[in-house]
Amino acid sequence: MELILIFFSAAIVNNFVLAYFLGICPFIGVSGKISSAFSMGLATTFVMVITSIVTWLIYHLILVPNGLEFLQYVSFILVIASLVQFVEMFIKKVSQPLYRALGIFLPLITTNCAILGLALFIVLKEYTFIQGIVYGVGAGAGFTLAITIMAGIREELDLADVPKPFKGAPITLLVAGILALAFMGFAGLISV
Amino acid sequence: MKLLVHMLATLTIIGILSGGLLSEVSKWAKPKIALHRKAETEKAIFLVQPDAKSQKKIETVDFEIYRVFDENNDPIGYALPYEGNGFQGNIRLMVGVKNDLKEIVGLQVLEQTETPGLGTKVTEEPFTNQFVKLVAEPNVGWVKGAPPKKTNEVQTITGATISSKAIVDIVNGGLQKLRDVKNSGVEL
Amino acid sequence: MKLFKKAKTFHGGVHPNEYKELTENSAFEIMPNPAQIIVPISQHIGKPAKPLVKKGEEVKAGAVIAEPDGFVSVPIHTSISGKVVKISKESNVSGAPKHAIIIKANEENEVELMPSLNPDTLTPEEIRARVKEAGIVGQGGAAFPTYIKLTPPEDKKIDYVILNGCECEPYLTRDDRFMLERSNDIIAGLKLAMKALGVEKGAVGIEDNKPEAIDVMSVAVQDEPDIEVVKVKTKYPQGAEKMLIKAVLNREVPPGKLPLDVGVVIQNIGTAVAIADAVIKGEPELTAALTVSGLGINNPKNLIVRVGTPLADILEYCGGVKDNAHKVVVGGPMMGVAQFDFAAPVMKATSGILVLTEEEIKAHEETPCLNCGMCVGVCPLKLTPTKLARYAQLDKIDEAEKLGISVCIECGTCAYTCPANIPLVQWIRLGKERVNQLKNDKKSA
Amino acid sequence: MKTKLTLSKEYIKGLWENNPVFKQVLGMCPALAVTVSALNGIAMALATTFVLVFSSLIISTFRKLIPSQVRIAAYILIIATFVTLVDLIMKAQFPSLSKELGPYIPLIVVNCLILGRQEAFSSKNTVFRSVVDALGMGTGFLIALFVLGGIREILGSRTILGLQVLPDFYEPWLIMILPAGAFLTLGFLMGFLNTYTERKKRLEREAILKKHIKPISDTPINTVEA
Amino acid sequence: MATVTANPTYKLELTSSPHVHSRWSTKQAMWMVVFALVPCIVSAILFFGIYQLTIIAVSVGFAVGTEAAIKYVRKRKITLNDGSALITGLLLALILPPNFNLAFVALGSIVAIALGKEIFGGLGYNIFNPALVGRAFLQASFPVQMTTWEQPNYAVDSVTSATPLASFKFDAVGTELNTMLIGNIGGSLGETSTIAILLGGLFLIAIGIVNYRIPLAMVIGVILFGGVFWLVDPAAYQNPLFHLLGGGFMFGALFMATDWVSSPLQSKGMWIYGFGIALVLILIRLFGGLPEGVMYAILFMNAFVPLINRYTQPTVFGGAK
Amino acid sequence: MDYTLIIAIATMGGLGFLFAGGLALADRKLRVEENPLIAKVNDALPGANCGACGKAGCYDFAVNIVEGNAAVNGCPVGGDETAQLVADIMGVEAGSAIKMYPRVLCRGGNSEAVSKLTEYYGPLSCAAMDIVSGGNKMCFDGCLGGGDCVEACPFGAMIMNENGIPEVIEELCTSCTMCVQACPRDVIEMHPEDRNVFVFCKNHDDPKKAKDVCSVACLGCGICARKSDGGVEMHDNLGVINYDKLDQNLIPFDKCRTGAIGHLRKAEESEN
């Protein structure tokens, strides 16, 4: 039950994008098309899960025992950057279609603050290993949800007479603002 | 091969330098940070126990609690940091009670993630001052929309009922825990 | 008698005001020959015919003046006797100007006929040859050469010929009159078509707003066990091929496919009459039967006119246009073409001339699409017209194609219903054109 | 082929023309998250600028020594080191501010603005130019965050930098200090700034048009011109 | 060029087919909606006093004014006569608390039109229901004022009272269902009287402007999802009927969720959309921090409409099933 | 040297070593051959992988540029510098040529072209008008004046003049040919900038008819063709210039009754 709550909390109530402002860059950049937005969401979820596993291990097995908590950021980001690059190369080699669908989004994820944010939140919230993974899946699902909704809306807006200066990033931000308003309805739904 | 060595060397050296630098800086910063933390806690303790002149952490229990003393070094009560669920996330507060655990002396909210401008009103004086000299037995109650009639009640904040109730719940929970510990005979 | 079943139909559609009462009781009237005819050399889908006559040449009514050029093409006959004035590009009821042969009438009234044939002894090849020779094209609007429809590819198994007696377009009563006046010829034409195709089964689909026609046709098929009269629901566009097949046989023609692909050939009532005339009387397609109607014309009529007669002559013959006329349309009000030049001649497949007033058009101001979904609800092909139109407007052809823009039959139900009065059909037509253009570009690249 | 800008221009371009937030849409996360008040915005921008300048300094100094295959990892490692440094210093010296900016300090690491400048500029330019560029970008970031924070603070708590500027009868719009308000403010701000640039572009075009177009009726149909 | 001798004196039209049209126009439909809102306006005045007309007037005035101003600035045709801005203003006013601060009403109205509608390109392009965007903005900005409810006016003067939903949620006090049906309760202007809402809403359904599917799906959904919890624990969770009559449900179901622009195109999509709103609503009402959630539920599902439309796209005629 | 320092150095050094080794190995084992141009473009890009271009990171953007699916100036981060660099890289492939400009080969504006008896109602886009019997003008080959080309021009280099005929502002034109593609009547053609004699008409009607539809139509009299020694050929009642054989001095411009054949009126020259 607790795991389910963690999942929904991360996915909806405390949505990374709409409540924590994490991962805004890809949220604005890659939300033009539903297909690529969804792939981006999947790739992010994938990296989030891996990250939550690896950084948890590093933090609890290497940093904490040695009193090296201050190396958190440095070690986490190194791990994330290298892992992502490695996974990208691997996918590219193994399956071109998969690379086209998913892999090309991976470099973009290195600098997705949602990933590092996730790793830090897991530390901050003192999640166990399993909880951390569930949190990662939830955050990824939330990111996918937000970016896919946004892509759907933006595809619709392609057909609309949006004032020219507001096309692109501004309208995306405004829609995100309204979405954030709508998500406020979930406030207090789960407090984890 | 040369490239490989180059790559290895670059990252390794950067890593070593980074590790070294940070470790040194951290060595300098750590005591300061600890000091700040301590000062903060102390400040909060004296805020919830305005008559106190000194405090001491109680080491006999497995949770954080402070014994506070007046100018004569007589114990006058406790300062208890306690946390629980608010409207959106954790609320951590410090509550000061008298020795008999029957009257609250003061309350400070230490950490919260309530709705800015609304739920955050629970951290402000109009609300927290209600807890000064509040009877805590059998527990703290609340009323909505009107000034409280009983001595153990506080009025919730309009529009932030849930946050207000959360504070009351956390206070009750903390006091209950204290009472339980005391009743079980542990010396506080 | 398998006639009084519940009327069959399809999904979607609309029911516009019919206005059939204007002409449904007026029998065909033969209009006198005009002083001059303009005969376009392309009255059908496919390659234009090749003119055989020169300026100044005398021709006799019924003579071939242009021969087919290529497989999908038919010969063109002159419908009156006279002298060729010139061959040039002339306005045309289809909108775009086409090359036409202009013939000035002389006194002679005799028509040159082909030898009459006995329908019972003909082989399928002979029927097809005669249909081609007579220059018959489909009367349903698209004007597809009929002999090609009667020549299905070897690998397609055809088991049904359906005569389309729906005439679902408002105003038009031409087919209705044909069924009332020439039911036996229609059945004869149907039987010829079935023979040409080697098909056993035939059907005539008639909307239930023409009870008299249903009665008359049922009598005509009394002795034909293999032909049934099917009553279908009165709803536009019941007469569209795909919709009629769905209603009569419950078969769905897949997107991009033809009725052939589900084993059906559809012929219009008028085409059946033309086949019968060509075979039995030896008469090439020289006349067009049409309904002249609308609240803007003085005397609405059902007429038989010579192919090539200018619109102006016909309107004149029907008592002229009223002062409140707002629009002149050739064809039905849902799919017809608005006219701008009344010198334009009537063609073989012309089914009606409508003079509409504002009262009938009910045009209103165009407003933005509100996503009300009405067009989606009525589209007989289950498309999303509003999206297609918007994609076409913004030149997002790929998306439009993905949503199936090419399937659209331009029936006009969406634009008819649209409360925002968006010219959906116009945009979709544009989109379809762009799709084809891009396809051709790709092919040539 | 590539004209070198003067140093002052190198600095100024980051302020407006290539403003990281408004024009390049970079560093959005901190721009949105911490701008509840103008002060927070300034603090965040200063911290970011610090990291940006120092990592630019280091990276442009050693740019020739870092092999391209590991450059991202190397850069990000250097950046992360400086961020940790900032974090530790802030925690030690400015504890209240550090509490306020909370988890967003570490996220400077993944602020695409910083990595972006390293890749786009520092790895290809001399030390001095890189530092100037970094300073420019940092200032631009500062401007953006200050404006954003200022607007949100004024409307959301009727104060600016803690000073009350709107009268008491003005009821603060709480939405401005909520996430939704951040998105809306930045969205409108970017939109209006774009309107301004669009207008400038349009005027430029109109000036060109004016130069060229004369009513066509003035020209006779077939004058022969050579 | 040959001419018809009986050629009319003025120019004939040349347009694309089809050449005839059905009777409905956007304008007519819009005015029908306005007409259908009359019972709600009447009930608002009956229960909360004639002063509420000023709220409606301010809301409508600013909505119309904002729309005109933006259209003017954007050099677009000013299309006020389609009545859409009027409707947005009316709807917004009807979902505000009685005696609401007029300055806030004006702000909400401006936001509803500017942010809710015009920024997307105006009528027809908005993703979210403009009136709800306006209200959500007000709710987020002035939460206290937005949840201060006056008692219906023939009770004691200007005494605040909670809405039935809030009383139940925070004080575990129930309200008589028949009172809720008539509307003599605390709540937003036009939301309290279920009878008045039904009168207008059913009229719109009857003349075919509102599609019955969305409201029906919402009602079924609430009965279903709400009913499950009610059966599990009738003390903690209210009777589903209470949810139907309480808060803005009926008004939302008939006037807000059915807004043409921001609801799905396909029938199947409408069902999904309706059920989605019901599910989110029940979640918020039963487990969330807020007593009421119709607005959030509708806004939330508005965001899904493009995706719903996409995935309920029917196979074209004859296509593989 | 204390314990923490050593461990810290060891940890970070170790992690750095580990991942550098891993990446180096991966680079060697997992390398995939690809178009070298992509790598070149990729190198020129900022590499921030911020996604501001709408593509999935810099590499994807590079692929898209090389494949022609993205504009060289599509990277907002790199700005003009990057755009220039990328354009140079891509330009090597594209090669250089004489500047081409679109020319509007119809002068039948509102005051020259004859209108229909009917009035067109509907969208005022040329493409949409074209499919409804060609909108309001009688001529079926000329400019419709709906401004599709003006709309299509991404650089604002086309404007509709008072007479309803589009004009090209050469200063703003980048020869992208969007206007040519937008014109449903194929009235706009790309020509090298040094050509200045054109037949400003596309009408194939016979002389009598052509005169009826437009006062500046090519009547198809053929006088220019007869005098030009092959410089002008008649195709279906319309003069078509063969630029390879064209000798301007032979063209009897003053003999053309409608002025259909003539010199280009460049906008800026009209000022004198």
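Every chain is numbered from 1, with letters handed out A, B, ... down the list of sequences.
Taking a 6.0 Å sphere around CZ of A:Phe38, one finds it holds 12 or fewer heavy atoms contributed by other residues, nucleotides or ligands. Under a cut-off of 6.0 angstrom, the local environment of CD in F:Glu189 is crowded, with over 12 non-hydrogen atoms contributed by other residues, nucleotides or ligands.
Rounding to the nearest 0.5 Å gives a distance of 10.0 Å between CG of A:Leu68 and CG of F:Leu5. Between the CG atom of A:Asn66 and the CD1 atom of F:Ile6 there is a distance of 11.5 Å, given to the nearest 0.5 Å. We find the CD1-CD1 distance between A:Ile62 and F:Ile7 to be 10.5 Å, quoted to the nearest 0.5 Å.
Between F:Thr11 and A:Ser75 the shortest side-chain heavy-atom distance does not fall below 4.5 Å.
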